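So the structure is just underneath, and the comments pick up after that.
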Amino acid sequence: MALYSEKVMDHFLHPRNVGIIEDANAIGEVGNAKCGDIMKMYLKIEDDIVQDVKFETFGCGSAIASSSMATELIKGQPLDEVRKLTNKAVAEALDGLPDYKMHCSVLAEEAIQSALEDYSKRTGRAV
Ligand code: FES
């Protein structure tokens with residue numbers, strides 16, 4: 001059996017939503033101290049909906065695939081749903097990750113949570 005699913009390979013080789021949003025109003029950045037990978041998420045939130053999202057990831061293929069899938073999962077979604085996104089849901093949407101690569105999907109969850117915290121700070125509203 002292949003180590004990585006077709007979806008992981010597809011999102012690694014053709015990542016969606018790569019880049020930055022100049023006028024983002026929620027930015028989250030996280031890193032994994034062990035592997036040194038870094039992920040940054042830019043969200044443009046309007047009317048409590050994620051209107052746009054982009055990411056920059058300096059890391060392994062699974063981290064890139066996880067960021068790409070996570071952005072697809074939250075784009076156009078209300079903040080209530082975005083808040084609930086787990087790394088497990090990201091990994092499942094990718095048709096799974098090897099156990100020792102699950103921490104890469106955790107980065108995606110944490111980057112989004114960090115962006116939501118940033119949004120709360122900027123707006124003074126609890127998300
Ligand atoms: Fe660190 Fe993938 S090996 S995020």
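In each ligand, atom 1 is the first atom listed, and ligand 1 is the first ligand listed. Fair warning: this is a prediction, and the values are worked out from it, not measured in the lab.
Using a 4.0 Å cut-off to heavy atoms of D37, the atoms of ligand 1 that qualify are 1 (Fe), 2 (Fe), 3 (S), 4 (S). Listed by atom number, the atoms of ligand 1 under 4.0 Å from L107 heavy atoms are 4 (S). Using a 4.0 Å cut-off to heavy atoms of A63, the atoms of ligand 1 that qualify are 4 (S). Taking every heavy atom of C60 and a limit of under 4.0 angstrom, the matching atoms of ligand 1 come to 2 (Fe), 3 (S), 4 (S). Within ligand 1, the atoms closer than 4.0 Å to a non-hydrogen atom of C104 are 2 (Fe), 3 (S), 4 (S), numbered from 1 in the order shown.
For residue C35, no N/O/S atom approaches atom 2 (Fe) of ligand 1 to within less than 2.8 Å.
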### Full working for salt bridge (Lys or Arg N to Asp or Glu O under 4.0 Å) between R122 and D118
CA-CA 6 Å; R122 289 179 194 228; D118 181 48; 2.9 Å; yes
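Look at N32 and you'll find every heavy atom at least 4.0 Å from all atoms of ligand 1. Contact analysis puts K101 in contact with ligand 1, with a non-hydrogen atom separation below 4.0 angstrom.
Neither the backbone nor the side chain of S62 has any atom closer than 4.0 Å to an atom of ligand 1 (non-hydrogen atoms only).
Summary: NE2 is the N/O/S atom of H103 found nearest to atom 1 (Fe) of ligand 1.
D37 approaches A63 most closely through the heavy-atom pair OD2-CB, 4.4 Å. Heavy-atom minimum distance, V90 versus M69: O-CG, 4.0 Å.
A donor-acceptor contact closer than 3.5 angstrom links the side chains of T71 and N17. Remark: the E56 side chain and the Y42 side chain contain an N/O donor-acceptor pair separated by less than 3.5 Å.
Here the NE2 atom belonging to H103 is positioned 10.5 Å from the CD atom belonging to E110, to the nearest 0.5 angstrom.
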